[in-house]
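Only one structure is covered here, and it is reproduced in the block below.
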Amino acid sequence: MQVEIRDDFDLQKIAACGQCFRAKPLAGGVWRFLTGRHVLYIKKLADGLYDVSCGEADWQAVWAPYFDLARDYGALRAQADGGCPFVRDAVQCGCGLRVLRQDPWETLVTFIISQRKNIPAISRAVELLAARFGEPVGAAGEPVCAFPTPEALAAAAPEALAACSLGYRTAYVRDAAEKVSSGELDLRAIAVLDDEALFQALQQVRGVGRKVADCVCLFGYGRTARAPVDVWIARAIDGQFGGRNPFPAYGENAGIVQQYIFYYQKNPTSSNREK
DNA sequence: TATCAGGGCCTAG
DNA sequence: CTAGGCCCTGAT
């Protein structure tokens with residue numbers, strides 16, 4: 001079916017801005033996205049017009065929330081810079097990206113895996129996990145597996161997990177799988193907590209520190225006041241903000257602005273390529 | 001081929 | 001608070 005999306009929406013940027021690791025361009029301009037057990041094939045037909053592989057019910061229930069379509073990014077961009085030239089350039093550069101609302105479990109594990117890895121390495125590890133422990137969910141002729149359940153990963157042999165390029169993170173993923181599958185950590189229940197309590201609850205898992213917890217808050221629970229500070233954002237703070245973290249001042253939009261700045265740090269436009 | 005850094009976290013000091 | 005180790009990959 002076809003859907004109309006009038007706000008900022010650039011599939012390339014959405015897939016490339018380091019928040020999801022399984023989005024993939026297929027032949028003919030089609031992009032594949034995955035979340036939970038859901039698969040979406042989406043293709044741009046014209047400005048603001050897209051062909052999607054799902055029906056209306058799934059679009060409304062799963063994918064519109066996933067792409068954060070209820071938020072007006074155009075309006076946010078217009079007001080976000082606060083007179084700061086760097087932020088102004090960043091939101092212009094990243095126009096079209098969206099902060100995805102992903103499955104909390106998948107977000108937790110993928111960001112545990114992300115530590116000390118670059119994006120291609122993260123994607124590789126996550127794909128190996130899905131292929132080895134996930135359920136097939138793809139369309140005919142396009143084999144792909146859902147992200148494994150907590151139960152599947154809890155039952156996995158450590159050696160089999162380690163074979164998915166997890167390295168020292170194997171123990172962390174196992175701890176997450178055990179805590180979640182046993183109910184010791186209830187990812188659904190903690191959704192009612194306030195930002196700080198959620199942030200703390202997530203750090204019960206081994207291998208989850210501030211940065212990973214913030215990523216899960218932002219990308220898995222839609223807590224847009226959280227702004228994860230990774231090496232790229234730290235560089236921006238040092239280089240552009242005199243060492244002072246600018247994100248608290250953005251309040252509920254901090255996480256969105258963080259994504260623009262992150263994208264800009266990694267994809268500087270030619271006129272701003274120094275540093 | 002060798003080296004380094006990569007969307008950190010844990011532990012010890 | 002800071003330094004080092006960690007397991008593996010991708011980039012140079």
Side-chain angles (χ1 to χ4, degrees), chain A residues 12-24 90 93-94 97-104 106-132 147 153 156-179 185 199-221 223-224 226-241 243 245-247 254-268 273 275:
Chain A
Q12 164 68 40
K13 288 182 185 174
I14 290 167
C17 66
Q19 52 182 325
C20 62
F21 303 99
R22 302 193 68 196
K24 184 179 175 184
C93 172
L97 68 77
R98 308 194 73 86
V99 173
L100 300 178
R101 175 71 176 269
Q102 304 180 65
D103 175 74
E106 182 170 349
T107 308
L108 174 63
V109 177
T110 56
F111 281 92
I112 287 172
I113 293 171
S114 77
Q115 60 193 80
R116 287 300 280 180
K117 280 180 180 288
N118 53 27
I119 291 175
I122 300 164
S123 294
R124 181 180 132 82
V126 173
E127 289 301 337
L128 286 169
L129 270 185
R132 176 70 180 77
F147 190 80
L153 292 189
E159 311 80 58
L161 280 182
C164 298
S165 297
L166 301 190
Y168 65 86
R169 306 161 196 81
T170 300
Y172 301 161
V173 171
R174 296 202 68 213
D175 188 57
E178 285 169 8
K179 284 191 164 78
L185 177 62
F199 179 67
Q200 295 299 336
L202 290 166
Q203 290 180 72
Q204 293 170 21
V205 177
R206 282 184 61 78
V208 178
R210 313 160 77 86
K211 189 274 180 180
V212 171
D214 264 339
C215 286
V216 179
C217 287
L218 178 59
F219 303 126
Y221 289 92
R223 302 303 177 91
T224 56
R226 309 301 303 198
V229 177
D230 54 59
V231 297
W232 295 93
I233 292 297
R235 283 171 196 162
I237 291 173
D238 282 345
Q240 304 293 335
F241 297 98
N245 187 326
F247 294 106
I256 316 281
V257 174
Q258 186 265 8
Q259 271 303 285
Y260 285 115
I261 292 176
F262 177 79
Y263 184 85
Y264 189 46
Q265 279 294 119
K266 295 201 76 175
N267 304 278
R273 201 178 293 279
K275 181 99 186 77

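Below, read A as the first sequence line, B as the second, and so on, with proteins coming before strands; counting in each chain starts at 1.
- Between A:Phe247 and A:Ile261 there is a side-chain heavy-atom pair separated by less than 4.5 Å.
- Remark: A:Arg226 is positioned above the aromatic ring of A:Phe199, its terminal NZ or CZ atom under 6.0 angstrom from the ring centre and at most 45 degrees off the axis.
- Atom CG of A:Asp175 and atom P of B:dC9 are 14 Å apart (whole Å).
- Considering only heavy atoms from C-beta on, A:Leu218 stays 4.5 Å or farther from A:Ile256 through its side chain.
- For the pair A:Leu166 CG and C:dC8 C1', the interatomic distance rounds to 10 Å; values are reported in whole Å.
- Using a 4.0 Å cut-off between charged side-chain N and carboxylate O, A:Arg210 and A:Asp214 make no salt bridge.
- In this structure, the NZ atom of A:Lys117 is 12 Å from the C1' atom of C:dC6, given to the nearest Å.
- The residue A:Cys164 sits apart from the nucleic acid: no heavy atom pair falls under 4.0 Å.
- The base of B:dG8 does not come close enough to the side chain of A:Tyr172 for any donor and acceptor atom to sit less than 3.5 Å apart.
- Checked against B:dC10, C:dG10, B:dG8, the side chain of A:Arg206 finds its nearest nucleotide in B:dC10.
- Put simply, the side chain of A:Ile233 does not reach to within 4.5 Å of the side chain of A:Pro228, judged on heavy atoms.
- The separation between A:Tyr168 atom OH and C:dT9 atom P is 13 Å, rounded to whole Å.
- When rounded to the nearest whole Å, the span between CD1 of A:Ile122 and C1' of B:dG8 equals 11 Å.
- Not one side-chain nitrogen or oxygen of A:Ser165 sits closer than 4.0 Å to the OP1 or OP2 atom of C:dC8.
- Residue-to-nucleotide contacts include no donor-acceptor pair under 3.5 Å from the side chain of A:Arg116 to the base of C:dC6.
- In DNA chain C, consecutive stretches of 3 or more Watson-Crick or G-U wobble pairs with both distances under 3.5 Å are given as paired ranges: B:2-6 with C:8-12, B:8-13 with C:1-6.
- Remark: P of B:dG8 and CG of A:Asp214 are 13 Å apart, rounded to the nearest angstrom.
- A distance below 6.0 Å separates the ring centres of A:Phe111 and A:Phe21.
- Protein atom CG of A:Asn118 is 13 Å distant from nucleotide atom C1' of C:dT12, rounded to whole Å.
- Considering only heavy atoms from C-beta on, A:Tyr168 comes within 4.5 Å of A:Arg116 through its side chain.
- Taking the P atoms as reference points, C:dC7 lies 25 Å from B:dT1, given to the whole Å.
- Of the candidate nucleotides B:dG8, C:dC8, B:dG6, B:dG6 has the atom lying nearest to any side-chain atom of A:Arg235.
- Looking at heavy-atom distances under 4.0 Å, A:Ile233 makes no contact with the nucleic acid at all.
- Nucleic acid contact class of A:Arg169 (heavy atoms, under 4.0 Å, all strands): base.
- Going from atom CD of A:Gln203 over to atom C1' of B:dC10 covers 13 Å, rounded to whole Å.
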